[in-house]
A.B. asks: 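Here it is, the structure in full.
Per chain, numbering begins at 1; letters A, B, ... match sequence-line order.
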Protein chains: 2
Amino acid sequence: MVDLKDLIREVPDFPKPGILFYDITTLLKDPVGLHWAVDSLANHYIGRVIDRVVGIEARGFIFAPMVAYRLNAGFVPVRKPKKLPAETARVEYSLEYGKDALEIHRDAIGEGNQVLIIDDLLATGGTAAAVAQLVESLGGKVAGMGFLIELEFLKGRDKISQYDLHSILKY
Amino acid sequence: MVDLKDLIREVPDFPKPGILFYDITTLLKDPVGLHWAVDSLANHYIGRVIDRVVGIEARGFIFAPMVAYRLNAGFVPVRKPKKLPAETARVEYSLEYGKDALEIHRDAIGEGNQVLIIDDLLATGGTAAAVAQLVESLGGKVAGMGFLIELEFLKGRDKISQYDLHSILKY
């Protein structure tokens, strides 16, 4: 049996000293690991109606489309400002230092759509909470949030506890 | 029958005046369109051994992983400098104004691996040629290049004519 954690490379001091980075590229390049990770994320929602799966630029563009494909849903990108060409909704959120903003196309999600938010990493939960706000501002329902990796010590789960959360690998 | 071109939104003057932008987000959010696009890209290679599918940050992270999933291959990201945490190979290439660089993990591709390069757009071919160089520098064989959209008037195909090229929608 594959242990997915064996496929994650731990890189100390990246991107800066004191940070232990969980590198998923070693999992992604492994066909079995890739398939298992996608199916572990997607199978949690099988049997439920999912209209859209949202992914966040840039690394979040990797898993969210595969989960959308697996669930026969559509994929919606959330991008950094000024990247999306049509009319957008925008959310600002706080980072460790300063602020950042994300955008979504206004016509990407319809009233009452069941929307899944999928990302590779749940850290502080700030990004996921901001994206949920975007989805709800367009009339969508957040049907769930799925993460490949959850850094439990950062307690991101507390910030988004009103949603159905699902994570595969906990550290 | 779905005409995939009907699902692509044409946005004039984006990102700057005089450019007609082909917006794929309207296709991505449509479950049937998404499935059809991925399968059209992937089915061209069915029956051949494909070890890795390479995608380029950021928009290229959308289709390449889905094609990898569909073909039971691994996915390898090519990223902007300093984003990848382990040892990388690097290529520089020319843009309309100035230069840009891309990186790949050195251990992402093995000697003799059959590698597919998948992107949403073939424009001038400069990025695809640079990525092929990266793949070959690691000992990989470029088994093919697949694009959702080919802008034929830019003649990108001429720059990468030594490879097996496959594009779905031509403009």
Side-chain angles (χ1 to χ4, degrees), chain A residues 9-15 19-35 37-39 42 50-77 79-80 82-86 104-105 107-110 113, chain B residues 9-15 19-35 37-39 42 50-77 79-80 82-86 104-105 107-110 113:
Chain A
R9 170 164 48 196
E10 303 187 6
V11 183
D13 300 319
F14 187 89
I19 306 270
L20 179 62
F21 187 84
Y22 294 95
D23 176 17
I24 60 166
T25 66
T26 36
L27 178 148
L28 292 167
K29 76 172 177 177
D30 182 297
V32 174
L34 177 75
H35 237 82
V38 172
D39 292 351
I50 301 295
D51 301 300
R52 304 276 188 272
V53 180
V54 171
I56 304 141
E57 182 171 8
R59 245 166 46 205
F61 285 1
I62 297 175
F63 277 107
M66 289 191 286
V67 170
Y69 181 83
R70 179 77 182 80
L71 294 174
N72 283 309
F75 166 69
V76 172
R79 299 205 67 175
K80 288 161 189 161
K82 305 203 175 175
K83 295 287 190 82
L84 290 169
I104 193 169
H105 272 150
D107 64 2
I109 287 170
N113 277 180
Chain B
R9 171 163 47 196
E10 304 187 5
V11 183
D13 300 319
F14 187 89
I19 306 270
L20 179 63
F21 187 83
Y22 294 95
D23 176 17
I24 61 166
T25 66
T26 35
L27 177 147
L28 293 167
K29 75 172 177 176
D30 182 298
V32 174
L34 177 75
H35 237 81
V38 172
D39 292 351
I50 301 294
D51 301 301
R52 304 276 187 274
V53 180
V54 171
I56 305 141
E57 181 171 8
R59 246 166 44 205
F61 285 1
I62 298 175
F63 278 107
M66 289 190 286
V67 170
Y69 181 83
R70 179 78 181 79
L71 295 174
N72 283 308
F75 166 69
V76 172
R79 300 205 67 175
K80 289 162 188 160
K82 305 203 174 172
K83 295 287 190 82
L84 290 169
I104 194 169
H105 272 149
D107 64 2
I109 288 170
N113 277 181

A.B. asks: Let me know if His35(A) has heavy atoms under 4.5 Å from chain B in its side chain, its backbone, both or neither.
C.D. replies: both
A.B. asks: Checking Asn113(A) now: which residues fulfil side-chain hydrogen bond (donor to acceptor under 3.5 Å, both in side chains) with it, not counting sequence neighbours?
C.D. replies: none
A.B. asks: Can you give me the closest heavy-atom contact between Pro31(B) and Gly74(A), atom names plus distance?
C.D. replies: CG-N, 3.7 Å
A.B. asks: Counting heavy-atom pairs closer than 4.5 Å to chain B, which one of Val67(A), Ile109(A), Asp51(A), Val38(A) comes out on top?
C.D. replies: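 Max contact count across the listed options: Val38(A).
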A.B. asks: So, does Lys29(B) use its side chain to make a donor-acceptor pair with the main chain of Asp107(A) at under 3.5 Å?
C.D. replies: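 It does hold such a pair.
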A.B. asks: Taking every heavy-atom pair that is under 4.5 Å apart, which of Thr26(A), Asp39(A), Leu71(A) has the most such pairs with chain B?
C.D. replies: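 Going by pairs under 4.5 Å, I would pick Asp39(A).
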A.B. asks: CD1 of Ile62(B) to CE of Met66(A): how many Å apart, nearest 0.5 Å?
C.D. replies: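 If I round to the nearest 0.5 Å, the distance is 12.0 Å.
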A.B. asks: With a 4.5 Å cut-off on heavy-atom pairs, point out which of Tyr69(A), Phe14(A), Phe61(A), Phe75(A) contacts chain B the most.
C.D. replies: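 So the answer, after comparing Tyr69(A), Phe14(A), Phe61(A), Phe75(A), is Tyr69(A).
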A.B. asks: Select one option (side chain, backbone, both, neither) describing which atoms of Leu27(A) are under 4.5 Å from chain B's heavy atoms.
C.D. replies: neither
A.B. asks: Return the set of residues passing side-chain hydrogen bond (donor to acceptor under 3.5 Å, both in side chains) with Lys80(A) (not counting sequence neighbours), or none when no residue passes.
C.D. replies: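 Partners of Lys80(A) under the side-chain hydrogen bond (donor to acceptor under 3.5 Å, both in side chains) test: none.
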A.B. asks: In terms of heavy-atom pairs under 4.5 Å, which option from Gly60(A), Ala64(A), Ala86(A), Pro65(A) contacts chain B the most?
C.D. replies: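 Heavy-atom pairs under 4.5 Å are most numerous for Pro65(A).
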A.B. asks: With a 4.5 angstrom heavy-atom cut-off, could you sort out which part of Pro85(B) is near chain A: side chain, backbone, both or neither?
C.D. replies: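 Both parts, backbone and side chain.
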A.B. asks: Please rank Arg9(B), Arg79(B), Lys83(B) by heavy-atom pairs under 4.5 Å with chain A and give me the top one.
C.D. replies: Arg9(B)
A.B. asks: Please classify the contact of Phe21(A) with chain B as side chain, backbone, both or neither, using a heavy-atom distance under 4.5 Å.
C.D. replies: side chain
A.B. asks: Under 4.5 Å heavy-atom distance to chain A, tell me which part of Ala73(B) shows up: side chain, backbone, both or neither.
C.D. replies: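 Contact with chain A is through the backbone of Ala73(B) alone.
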